[in-house]
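The chains referred to below are lettered A, B, ... by the order of the sequence lines, with proteins before strands, and numbering in each begins at 1.
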6 protein chains.
Amino acid sequence: MQSETRYERGQRQLARIDGDAGQAVIEALADIAPDFATYLLEFPFGDIYSRDGLNLRDREIATIAALAAMGTATPQLKVHIQAGLNVGLTRQEITEILMQMAVYAGFPAALNGLFAAKEVFAGEHS
Amino acid sequence: MQSETRYERGQRQLARIDGDAGQAVIEALADIAPDFATYLLEFPFGDIYSRDGLNLRDREIATIAALAAMGTATPQLKVHIQAGLNVGLTRQEITEILMQMAVYAGFPAALNGLFAAKEVFAGEHS
Amino acid sequence: MQSETRYERGQRQLARIDGDAGQAVIEALADIAPDFATYLLEFPFGDIYSRDGLNLRDREIATIAALAAMGTATPQLKVHIQAGLNVGLTRQEITEILMQMAVYAGFPAALNGLFAAKEVFAGEHS
Amino acid sequence: MQSETRYERGQRQLARIDGDAGQAVIEALADIAPDFATYLLEFPFGDIYSRDGLNLRDREIATIAALAAMGTATPQLKVHIQAGLNVGLTRQEITEILMQMAVYAGFPAALNGLFAAKEVFAGEHS
Amino acid sequence: MQSETRYERGQRQLARIDGDAGQAVIEALADIAPDFATYLLEFPFGDIYSRDGLNLRDREIATIAALAAMGTATPQLKVHIQAGLNVGLTRQEITEILMQMAVYAGFPAALNGLFAAKEVFAGEHS
Amino acid sequence: MQSETRYERGQRQLARIDGDAGQAVIEALADIAPDFATYLLEFPFGDIYSRDGLNLRDREIATIAALAAMGTATPQLKVHIQAGLNVGLTRQEITEILMQMAVYAGFPAALNGLFAAKEVFAGEHS
């Protein structure tokens, strides 16, 4: 029996974590940089998110915090706020993570993160 | 019976989370900006880290990720790598968080975070 | 006679500095993170902007410069360009601050700051 | 015979590199900061881009990489993706530069750069 | 009578604002990029800092705030903390500017700025 | 005959581009995050730098520009200034790239990049 490739493992993890939003990113890359879609499946999802040693819920805490603190990646922050909900974070926990970013990256970073979360939460079937 | 003030609660949380390193920061501020030491105890520790809704281990995942991704706060990253160990993260979990930052903030951010962790781990009594 | 609380002092300062735009931010937080609205009033406005030692006009020079240089907080930059006008900066002075950011954060940061100012100035009753 | 001024040399270089998009930026500055339009022509274009020692194609590689990595200057990144095409970079080369930024500034920076390029390429007469 | 060149005006302003530290930067560039020393005198100092419309004290408020918020330019932040003192800011005012950066760029940015100021103040003849 | 693995191709590219400095990074990771050394060889070097479509000299222009503009990765900037020399950039070309970053990321970013280059050039056998 063949073992799963990095690409296949990445596809499976992307579907589990990011759902439709992840697939939309892959498709948007098809006409400009299809190889980059492959790398995105293989390295972040096939390698990093597939590792033992930190569970997916904890990984999404780290990703939401990092993207909100950086403040340069609003589309990806929204994808990972949804991803956080998908892997078991509550709305309250995500809100706490974003509020905490005021301490490390300033109040505007926290505010912009909270308003991104507000949009994601509004679009979700609760 | 008097309820604990924000300042007192912040002192208690700082001692619990950052230990001696936190106290050293407070003391280093004494001659230049003593009021800022007060704010540091009151807002981040007395307000944010004292909130329910996200436990301290999860809060340190968020902080380590954010500081490593930003790449502008090495002293504070080291303090919070130690803080992460203090509140229950394992060395392996911290290493996983830092490696994951390669995806969101680039390989140099992850490398510099890992080398900061290496210093903290080396100085710790294991 | 009761002394003013941090929250009350923050409300007064926010109204004075940011006017309606500040109140709109507080209201936008009501359904997602009402506690964060409280912190925003208490720490930045009730604590920092209420301190002696630097007047409000000088504080807004600092804030406009910082937000333009960071380049990650356009909504907040616009609020503080209006705030600068509210507390006594002239349009010319704000334009000079933004132009100067070309030296420290690059020409794109200055350009994006100037275009934000252009929008704010256009919406103002002069 | 008079030698060309910095301003005139900057105008010539801006037209050659950025084309209409550069001129649009100059015009947008006319009512808010006309002196800044002058500086923009004189220093970046009249001084830096007019230097020997690195050709324009190589200069645009550097600019596209820097703006994509910083992630705070999407309008300027688009102008310079078009500028790269104007001075001889191929679409494939620009795509490679942007993909490479995943290594240094993270996958979101690369993705946002690639989507900016997709817009520019779509608007271009090929 | 000849009018002053941008270079000469820049030299005069650099000496007035940054004093010896500015001259040291110019000299450090001599063997690697002497033209860059010229640009540094001409554009930031000969053009920007020589403009009317914002006085030097206000310009240094903006620069100290921006460099502290960015967190990527500690040597330049120290030079401009000294420059602020040279053009009339008090130690207290500089401390207030740096504390305020906690609101916009996070507590680590403010702390690292305050510790930079502590070093500059300690080295100064008071 | 077996085709080269990503890991092997990455090792070959790392040796060619970064030389001893690259190997030193791999070894420094051995006791804290050996898997990250593997990823570093496989993705940046085995995948990205091994791609056709942009030659190594052009890739190093992009990397030097990005790292200097970001200002958060001085050790990696030095490694890639040496890498640039290794793959055919001249000292003058590297100096031009770094000077140009003043336009996009500000004078401090350019200055700190030039001083990093000065250190690398001084340590090199010319």
Side-chain angles (χ1 to χ4, degrees), chain D residues 10 13-14 17-18 39-73 75-77 79-80 83-84 88-107 109-110 113, chain F residues 10 13-14 17-18 39-73 75-77 79-80 83-84 88-107 109-110 113:
Chain D
Q13 289 286 54
L14 182 75
I17 298 167
D18 286 353
Y39 295 140
L40 185 59
L41 288 166
E42 289 183 341
F43 176 60
F45 293 97
D47 288 342
I48 297 291
Y49 280 91
S50 297
R51 293 177 59 81
D52 293 333
L54 194 70
N55 65 45
L56 285 181
R57 178 186 165 281
D58 292 347
R59 289 194 183 278
E60 287 300 335
I61 295 173
T63 298
I64 291 167
L67 293 175
M70 294 172 73
T72 51
Q76 290 79 21
L77 176 58
V79 168
H80 282 279
L89 288 169
T90 66
R91 291 183 180 197
Q92 186 189 2
E93 287 170 329
I94 290 169
T95 302
E96 291 291 330
I97 296 163
L98 295 168
M99 287 171 57
Q100 186 172 321
M101 290 305 104
V103 176
Y104 298 103
F107 277 73
Chain F
Q13 288 287 53
L14 182 75
I17 297 167
D18 286 354
Y39 295 139
L40 185 59
L41 287 166
E42 288 182 341
F43 176 60
F45 293 97
D47 287 343
I48 297 291
Y49 280 90
S50 297
R51 291 177 60 81
D52 292 334
L54 194 70
N55 65 44
L56 285 182
R57 179 186 165 281
D58 291 348
R59 290 194 182 277
E60 287 300 335
I61 294 173
T63 298
I64 291 167
L67 293 176
M70 294 172 74
T72 50
Q76 289 79 22
L77 176 58
V79 167
H80 281 279
L89 288 169
T90 66
R91 290 183 181 197
Q92 187 189 0
E93 287 171 328
I94 290 169
T95 302
E96 291 293 330
I97 296 163
L98 295 169
M99 287 170 57
Q100 186 173 321
M101 290 306 103
V103 176
Y104 298 103
F107 278 73

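- Atoms CD and CD1, on F:E60 and D:I61 in that order, are 11.5 Å from each other to the nearest 0.5 Å.
- In this structure, chain D has heavy atoms under 4.5 Å from both the backbone and the side chain of F:I97.
- Residues forming a side chain to side chain contact (heavy atoms under 4.5 Å, CB included) with F:A109 (at least two apart in sequence, or on another chain): F:A105.
- In terms of heavy-atom pairs under 4.5 angstrom with chain D, the leader among F:T90, F:T72, F:D52 is F:D52.
- Options D:Q76, D:M99, D:R57, D:E96 differ in how many heavy-atom pairs under 4.5 Å they form with chain F, and the most are formed by D:E96.
- A distance of 8.5 Å separates CG in F:L54 from CD in D:Q92, rounded to the nearest 0.5 Å.
- A side-chain donor-acceptor contact under 3.5 Å links F:Q100 to the backbone of D:R59.
- Heavy-atom pairs under 4.5 Å with chain F were tallied for D:L67, D:T95, D:L89; the largest tally goes to D:L67.
- Here the closest heavy-atom approach between residue D:A65 and residue F:A66 is recorded as O-CB, 4.1 Å.
- Looking at F:Y104, the atoms closer than 4.5 Å to chain D (heavy atoms on both sides) sit in the backbone and in the side chain alike.
- Highest contact tally toward chain D, considering only F:N55, F:D58, F:D47, is held by F:D58 [criterion: heavy-atom pairs under 4.5 Å].
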